[in-house]
Amino acid sequence: MASGRGSWASVLVAANLNAVRETMDVLFEISRILNTCLDMETLSICVRLYEQGINPKALSSGIKELRKVTEALKALKM
Amino acid sequence: MATPDQKSPNVLLQNLCCRILGRSEADVAQQFQFAVRVIGSNFAPTVERDEFLVAEKIKKELIRQRREADAALFSELHRKLHSQGVLKNKWSILYLLLNLSEDPRRQANKVSNYATLFAQALPRDAHSTPYYYARPQTLPLNYQDRGTQAVQSSGSLGSSGISSISMCALGGPAPPPQPLLPGQSHQTLGVGDCLRQQLGSRLAWTLTANQPSSQTPPSKGTPNAVSRSMTRSRREGETGGAVEITEAALVRDILYVFQGIDGKNIKMSNAENCYKVEGKANLSKSLRDTAVRLAELGWLHNKIRKYTDQRSLDRSFGLVGQSFCAALHQELKEYYRLLSVLHSQLQLEDDQGVNLGLESSLTLRRLLVWTYDPKIRLKTLAALVDHCQGRKGGELASAVHAYTRTGDPYMRSLVQHILSLVSHPVLSFLYRWIYDGELEDTYHEFFVASDPTVKTDRLWHDKYTLRKSMIPSFMTMDQSRKVLLIGKSINFLHQVCHDQTPTTKMIAVTKSAEPPQDAADLFTDLENAFQGKIDAAYFETSKYLLDVLNKKYSLLDHMQAMRRYLLLGQGDFIRHLMDLLKPELVRPATTLYQHNLTGILETAVRATNAQFDSPEILRRLDVRLLEVSPGDTGWDVFSLDYHVDGPIATVFTRECMSHYLRVFNFLWRAKRMEYILTDIRKGHMCNAKLLRNMPELSGVLHQCHILASEMVHFIHQMQYYITFEVLECSWDELWNRVQQAQDLDHIIAAHEAFLDTITSRCLLDSGSRVLLNQLRAVFDQIIELQNAQDAIYRAALEELQRRLQFEEKKKQHEIEGQWGVTAAEEEEENRRIREFQESIPKMCSQLQILTHFYQGIVQQFLVLLTTSSDESLRFLSFRLDFNEHYKAREPRLRVSLGTRGRRSAHM
């Protein structure tokens, strides 16, 4: 029983995972089109943060800032 | 379920930082703190934004980058995303992606500006920078709330002492000096360096910036706030002291002012009727001036808008006015389109933040240049609006037309375009009128006015008039008169002549299908095309009208009939009529009956050539008895009459008919004199033989004859004058004119001229009243003579009769054997003869008085004739006095006639 449930659960989980993976693929594709230079990992973190209810504008600004910092540091190091 | 999902936000954030920075966890402490701060400070509740909006924006962006294939791909992906219900906040991620997207075409301007950004924002100490805390709005990260950089800078305390570049210097060719990392900068840089850097940066700024910025306060070392959005400062954000207005704020204001809405800083000052920048703003003079110059556009826009709004409420404005407002609306729409382009430009910069470079941002100077042409247009329109205040209809069209007379081709083409729209209703009125005769002009805009109270009998004369104020200035007076005539003729045909022929049969004309083209014709080819149309319509309509009048209503025939009957043209008929009427008319006027006279009239008609006239004409001939005054005989009240109705009455109006009757009266009287004298002459002939046996009468009779001859001569000359010089000549002229007439107005005018001439020449007008009285006096004398002669003849004949009777009796007695004549009888006879012979001198003297009287009157008449202004009357005096018989007697007549053959009136 439990295993049945478990198998069901796992199936569900699997299905869910699939859906999640598809969504992430789609999003990655979009971000590629838009030249956002986000990689998959960052994107997934962002998605998770959004799902937890962060202010979207704040996060996007934050990411921009961080990128700038990166650039600056890179420039300094050059 | 999965472990990542359970991570707290902080952890996630740290991971994020690691990934982006590419460092290990330990190194990102500062940045992490910073990020936390960033995010924490802006924890505003999420606005419910539309996912589709963002998707649309993305698509637009892609298309703008000319990547349509990618746009299609994105749509596909978005659909897929949408179909999956995994994500709750799709909008947010899309928003993020949009914001992070970069245009591959654009160079990344990753100048060390970011470093300064970074430098400034990052405190040495995580909790140090007081200003940072105090004014979270200064964070340039908040897109909605981009604090005014100037505001920030003016208030910022510049703790780090690092000069920063002003906002405008993004991507400048001369990169500002590299700011250092915070830790190092603060310690190593001294004030001098700081200043130098600042100076350098300002220099850099002035080199790169091509627009004045209002944000460089010349304060010492106040770093301008970092920015991504330089010119995108918002109107708000005035926290503290003197308000510094940035150019960006001004630009926004100006864009509102362009539409006539008060901006934050630039408001309409009603007292001076202009836009003014708020006084307490700290604004450089050049900016202020530019702003005010741009605000003029708003003022012009307001003026035009006010006009159109007012007029749209005015219900009696009319079609021309409405088309004018429509034209203005069109122009305003173009203007609004420009404004929306500017707005969208502004919006674009708003949304895209830092990615835009300096070149495409909106500045006041740019606005000046871009709005130069629209300003000219608006100026022209505003001038038009001013000029057209309070006008409507054709007047409005004239006002607009006045403005096409300008040398500036741009303005001229604009005004011509408006004029063609405005004149379209006028032209459509015009065409309706000249082709259908219909006038539907509720607002009284057309220059033909119709008076609805006039009935059909006065239709031609009174119903339609020209409204002179509404004649547009591009139509001449001649054209407008013709237009009036054409429409009048059509209406006349329809209503009075009951001729319902549609106009297209009358006028072989093709209605133009494109009124705007006509308008163009009107203005460019004024002489030919438009004029040609009017002329053709005029010619055809008038010709048709005259045809109808002549054929169906025999206008010319009636005119000739008037001549024959009322102006005594048909001599035999008149003579016969007079013969028949003579016994009737001698009776007092009160005993006359109209039907008797009418019967006599008909007899006369049947007996003479008048019977060959058409029955239509004879039907209208009638007898009319004038007003009876006491003591009148029939002669004084008799008159002929001619009935007119329908279209004929338009030409022979009531006034004309009364004129005719007056002339008839005069002519009839003159004719009667002639008739009387003929009778006298007849009497002479008849009785001369009889009275030859009475030699004592010969003196009297001789006097009679002489007087009669004088009178005959006089009357003959008068008749000649009347018949030939007055009637025939005028009639000839009238007939010629009528034959050549092109329209009914010509005929009416010629006819009235004819009547005027005869009236004045027959001494019937007011100027010749004295002459007329004299003439009447002459006529009276003639009648006196007739009476006197009748009396003489009666007496003479009676005497003759008696004598013959006496002789008869004598003979009778002798035959009977008695004394032929007894003494008593002879005594009586002699007594009677003696009585008779004594009465002869009385008769003589009577005749002499009559002669004297008559001659006096004639002399007076002659004097008056020679002083009259009419030439033919003067020549009449010559004829009347051909042997200077009167001249010998009248000293006044002997005075020379002067150079112009005319004596002065005062002698």
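Every heavy atom of this structure was used, including side-chain atoms; hydrogens, water molecules and symmetry mates were not. Numbered from 1 within each chain, the chains take letters A, B, ... in sequence-line order.
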Could you check whether atom NZ of B/Lys80 has more than 12 heavy atoms from other residues, nucleotides or ligands sitting under 6.0 Å from it?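 Result for NZ/B/Lys80: open.
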Please walk me through it: do A/Arg48 and A/Glu51 pass salt bridge (charged side-chain N to carboxylate O under 4.0 Å, His left out)? CA-CA 5 Å; A/Arg48 267 181 264 153; A/Glu51 293 293 305; over 6 Å; no
Determine, step by step, whether A/Lys68 and A/Glu71 satisfy the salt bridge (charged side-chain N to carboxylate O under 4.0 Å, His left out) criterion, reporting the C-alpha distance in whole Å, the side-chain angles of both residues, the deciding distance to 0.1 Å, and the verdict. CA-CA 5 Å; A/Lys68 278 188 211 149; A/Glu71 291 302 324; over 6 Å; no
With only heavy atoms counted, which part of A/Asp39 is less than 4.5 Å from chain B, the side chain, the backbone, both or neither? side chain
Picking from A/Ile33, A/Ile63, A/Val26, which has the most non-hydrogen pairs under 4.5 angstrom with chain B?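 Winner by heavy-atom pair count: A/Ile33.
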If you tally heavy-atom pairs under 4.5 Å against chain B, which of A/Ile45, A/Leu43, A/Asp25, A/Leu38 wins?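 Among the listed options, the one with the most contacts to chain B is A/Ile45.
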Taking all non-hydrogen atoms of both residues, which atom of A/Met40 and which atom of A/Phe28 are closest, and how far apart?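 Minimum heavy-atom contact is N-CE1, 3.9 Å.
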